[in-house]
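This report refers to the structure that appears directly beneath it.
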Amino acid sequence: MSLQWTAVAAFLYGEVFAVLLLCVPFISPTRWNRIFKSRLVKMVMAYGNTYFVVLIVILVFLLMDACREVRKYSVTEKVDLTNNPVAVEHIHMKLFRAQRNLYIAGFALLLWFLLRRLITLLSQQATMVASNEAFRKQAEGASDAAKKYMEENQRLQEAS
């Protein structure tokens, strides 16, 4: 495997690990939100949109290159290679590598979008949990105040 495809495969493995880590059930969304809001992550995310677009462009170019390679080596039916059986095996080997590279680039691109969406959803869920907790405390405070006023009203009615 060439250096570029080794790098893409390593990137794919890193993405798989990150997605699995984000899907771990015992780490709460509020904890993830604290991690996403940390100084280190904010420093990286200052240029995050640029990194995202650049990686998307690189992965799309690699995907298009892999598609071109698959089409290039899918010519075994059009070319007569009956006189050279080694050439048939060589073309099949090249076709296998091109298809492998196509799958690697496609899955890396898919997981890159999935990872970004998963982080966005985790951040939104943490925000919703925090606002839900604030609304619950506000409702409890309003309920306690209403009970206090009702008791005071009852006491005033009994006194008169």
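Positions are given from 1, in the same order as the sequence printed here.
- Both Leu115 and Phe17 are members of a single hydrophobic cluster when ILVMFWY side chains are connected at heavy-atom separations under 4.5 Å.
- The 12-atom threshold is exceeded at CZ of Arg136, counting heavy atoms of other residues, nucleotides or ligands nearer than 6.0 Å.
- Within 6.0 Å of the CZ atom in Arg68, the count of heavy atoms belonging to other residues, nucleotides or ligands exceeds 12.
- Remark: Glu69 CD to Ser74 OG distance equals 10.5 Å, nearest 0.5 Å.
- Val129 and Leu22 fall into different hydrophobic clusters, where Ile, Leu, Val, Met, Phe, Trp and Tyr are joined by side-chain heavy atoms under 4.5 Å apart, directly or via other members.
- Look at Glu151 and Lys148 and you find no salt bridge, because none of the NZ, NE, NH1 or NH2 atoms lies under 4.0 Å from a carboxylate O.
- One finds the SG atom of Cys67 at 14.0 Å from the NZ atom of Lys72 (value rounded to the nearest 0.5 Å).
- A 6.0 Å sphere centred on CZ of Phe11 holds more than 12 heavy atoms belonging to other residues, nucleotides or ligands.
- Hydrophobic clustering, with ILVMFWY side chains joined whenever heavy atoms are under 4.5 angstrom apart, keeps Val70 apart from Phe96.
- A chain of hydrophobic side-chain contacts below 4.5 Å, direct or via other Ile, Leu, Val, Met, Phe, Trp or Tyr residues, connects Phe26 to Val19.
- Contact annotation: the side chain of Trp112 approaches that of Phe52 to within less than 4.5 Å [non-hydrogen atoms, C-beta and beyond].
- For the atom pair CZ of Phe107 and CG of Leu102, the computed distance is 9.5 Å after rounding to the nearest 0.5 Å.
- From Tyr73, atom OH reaches atom NE2 of His90 across 6.5 Å, with rounding to the nearest 0.5 Å.
- By the 4.0 Å N-to-carboxylate-O rule, Lys137 lies too far from Glu140 to be salt-bridged with it.
- Tested against Val60, the residues Ile58, Val57, Ile56, Leu62 include a single side chain to side chain contact (heavy atoms under 4.5 Å, CB included) partner, Ile56.
- Shown here is Met93, whose CE atom has more than 12 heavy atoms of other residues, nucleotides or ligands within 6.0 Å.
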Report task. Test side chain to side chain contact (heavy atoms under 4.5 Å, CB included) on Val8 and Asn101 and set out the steps. Result -> CA-CA 9 Å; Val8 173; Asn101 294 343; over 6 Å; no

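- To the nearest 0.5 Å, the span separating CD1 on Ile104 from CG on Leu109 amounts to 13.5 Å.
- Partners of Arg34 by side-chain hydrogen bond (donor to acceptor under 3.5 Å, both in side chains), not counting sequence neighbours: none found.
- Side-chain contact between Arg97 and Arg100 is present, with heavy atoms from C-beta onward closer than 4.5 Å.
- Note on Val86: it does not cluster hydrophobically with Ile91, by side-chain heavy-atom contacts below 4.5 Å among ILVMFWY residues.
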Side-chain donor-acceptor distances from residues 117-124 under 3.5 Å, at least two apart:
unit_1, atom_1, unit_2, atom_2, d
Thr120, OG1, Arg116, O, 2.9
Ser123, OG, Ile119, O, 3.1

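- Put simply, CG on Leu12 and OH on Tyr103 are 14.0 Å apart, with the number rounded to the nearest 0.5 Å.
- Under the 3.5 Å distance criterion, the side-chain polar atoms of Asp65 are left unmatched by any main-chain donor or acceptor of Phe61.
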